[in-house]
Amino acid sequence: MSTFSTLGLPEALVRAAHECGYDTPTPIQAQAIPVVLAGGDVLAAAQTGTGKTAAFLMPILARLMASPKPSGGPIRVLILTPTRELAAQIEASFRDYARYTKQTALVIFGGVSINPQISQLRRGVDVLIATPGRLLDLAGQRAVNLSNIETFVLDEADRMLDMGFIRDIRRVLALLPAKRQNLLFSATFPTEITSLADQLLNQPVRVEVARSGASPVLISQRVCVLDKTRKREALVQLIKEGGWFQVLVFVRTKHGANRLAEQLEKSAISALAIHGNKSQNARTRALAEFKDGKLQVLVATDIAARGIDISELPHVVNFELPHVPEDYVHRIGRTGRAGSEGEAHALVSPEELSQLAAIERLLGKRIERFTMPGFDKPSPHEADHVPERRQMAPREQQGQRRPRSPGSRTQANGNTQRAGASPRGAPTRSR
Ligand code: AMP
């Protein structure tokens with residue numbers, strides 16, 4: 001079995017990994033690290049929770065360390081990611097992994113003042129972590145020079161596509177030098193991503209830890225079929241009788257999110273809705289309360305939930321099923337992460353059975369049904385429904401992970417500088 005040393009990482013990074021509580025590389029790390037170290041392009045099918053961030057950051061750091069440049073030089077690595085939350089998480093991981101190196105990173109995203117970011121960029125940085133919109137703004141103002149990029153990482157490419165960033169990505173690509181290393185990470189591979197990968201990557205090594213349809217193995221999934229008018233009552237009962245806390249509930253619309261949060265409050269369950277119409281401030285506050293355990297339920301739409309990183313989240317509820325089956329996999333991926341167990345429940349009305357069938361086809365298995373006395377209403381077609389089988393990821397692929405203690409990601413290293421920081425900590429410069 002490989003270790004971080006046998007994968008070829010220098011001692012400074014091996015030590016940092018161990019201090020993060022990582023004993024063994026995850027499958028994606030074991031596969032990707034040697035390829036990235038050797039300078040090759042990578043096409044990785046991996047969702048959040050697989051350890052993909054370290055799979056690219058660690059070998060990138062190793063390469064930077066192997067050919068040091070004077071500080072204040074050009075940006076050498078660009079990491080493009082869809083949301084500010086993800087950008088901030090990558091930067092936090094960078095701080096963890098780079099603590100015994102001299103490499104620096106800067107995170108830039110929109111919604112905060114641009115001027116501190118401009119002065120930070122002037123001082124020079126090795127690794128730039130950015131969301132596409134703000135990066136292009138800065139490029140338009142000639143505040144960022146990407147012509148010396150050695151490695152380009154496109155993280156969560158399918159999310160970028162969902163959020164309408166594909167044109168922005170192409171604009172960013174036009175600013176990069178032709179000769180560079182490219183790493184593309186995506187949980188799913190719709191046609192647009194495959195064609196982007198064909199243009200972007202040069203003889204990539206394919207790395208796959210879980211098929212796009214495979215659900216993480218430590219999540220127990222259950223479905224209750226019931227009338228849609230009874231879902232709210234059923235949810236209240238599940239939460240109260242199960243004594244659930246930190247419940248992430250998915251709905252389809254912003255309006256539905258607001259309404260459900262209000263109704264839960266009326267049933268004496270503390271709840272807040274997060275969706276695209278809420279200000280960044282309101283979203284950050286809701287998330288902080290949720291993470292601290294002050295808020296029992298967070299009701300979210302798919303867009304708002306992107307980029308939320310809450311380790312060991314015990315409960316995810318699909319109050320309404322998504323129209324796109326892959327979104328179901330993303331939703332339930334919020335629980336049981338990094339080796340800890342989680343439960344995903346779905347409340348499904350007879351009208352949603354075709355969506356359920358599509359999800360089960362993607363998963364390659366039938367999801368276990370559960371009944372709630374007084375609520376359940378199996379449809380006549382339910383009993384006959386047998387999904388088509390698709391290949392599943394092997395069980396051990398996620399089995400060797402070790403959970404990290406909650407909050408350990410926020411341990412700042414002593415060298416971290418925060419410049420021009422808003423209370424939310426952006427922009428942040430790390431060393
Ligand atoms: P990611 O997929 O990059 O979002 O990582 C998911 C979680 O797994 C994060 O909390 C990481 O800190 C954690 N993690 C990453 N690599 C390892 C490892 N080798 N062993 C244990 N936990 C890890």
Side-chain angles (χ1 to χ4, degrees), residues 1-9 13-34 36 42 44-62 79 81-99 105 129 153-159 183-188 207-210 212 214-219 291 305-313 329-330 332-342 393 396-413:
M1 183 181 287
S2 57
T3 64
F4 286 105
S5 307
T6 58
L7 290 178
L9 292 174
L13 299 178
V14 174
R15 183 143 65 109
H18 288 154
E19 286 179 14
C20 287
Y22 307 172
D23 295 334
T24 320
T26 65
I28 184 125
Q29 291 162 1
Q31 292 175 58
I33 288 174
V36 181
V42 168
Q47 57 197 58
T48 308
T50 53
K52 70 183 168 74
T53 315
F56 64 79
L57 278 183
M58 295 245 183
I60 283 175
L61 274 164
I79 301 169
T81 188
T83 66
R84 28 188 137 192
E85 287 86 355
L86 275 168
Q89 277 164 35
I90 294 172
E91 195 269 343
S93 298
F94 182 95
R95 254 186 286 152
D96 281 344
Y97 309 151
R99 60 174 67 147
I129 305 157
V153 182
L154 187 60
D155 188 32
E156 308 237 345
D158 51 350
R159 292 286 156 208
L183 316 175
L184 186 149
F185 289 79
S186 197
T188 58
V207 171
E208 190 168 4
V209 292
S212 57
S215 45
V217 289
L218 291 169
I219 300 175
K291 284 187 177 179
R306 264 162 219 162
I308 292 182
D309 176 48
I310 306 160
S311 53
E312 300 167 35
L313 184 61
V329 179
H330 283 294
I332 67 165
R334 303 291 166 196
T335 178
R337 306 179 57 171
S340 61
E341 285 183 33
E396 62 279 8
Q397 282 184 339
Q398 296 228 351
Q400 47 180 274
R401 319 279 311 284
R402 237 189 54 159
R404 230 180 123 183
S405 61
S408 56
R409 159 165 267 168
T410 52
Q411 282 169 1
N413 89 53

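If you read the sequence from its start, that first residue is 1, and numbering goes on from there. All figures in this text were calculated on a predicted structure; none of them were measured in a lab. Remember, it's 1-based here, ligands and their atoms both numbered in the order they're listed.
- With a 4.0 Å heavy-atom cut-off, ligand 1 is reached by the side chain of Gln29 but not by its N, CA, C or O.
- Near Thr53, with a cut-off below 4.0 Å to any heavy atom, the atoms of ligand 1 are 1 (P), 3 (O), 4 (O).
- For Thr24, the heavy-atom gap to ligand 1 drops under 4.0 angstrom.
- Heavy-atom minimum distance, Gln29 versus Thr24: OE1-O, 4.4 Å.
- For Asp23, no nitrogen or oxygen atom sits less than 3.5 Å from a nitrogen or oxygen atom of ligand 1, counting backbone and side chain alike.
- Contact of the Lys52 side chain with the Asp155 side chain is registered, since non-hydrogen atoms from C-beta on lie closer than 4.5 Å.
- Partners of Phe185 by ring pair (Phe, Tyr, Trp, His ring centres under 6.0 Å), not counting sequence neighbours, listed by chain and number: Phe56.
- Considering Phe56, Phe4, Tyr97, Tyr22 only, the shortest heavy-atom separation from atom 20 (N) of ligand 1 involves Tyr22.
- Within the model, atoms CD1 of Ile90 and CD of Glu85 stand 12.0 Å from one another, a figure rounded to the nearest 0.5 Å.
- With sequence neighbours excluded, the residues satisfying side chain to side chain contact (heavy atoms under 4.5 Å, CB included) with Ser2 are Thr6, Leu7, Pro25, Ala30.
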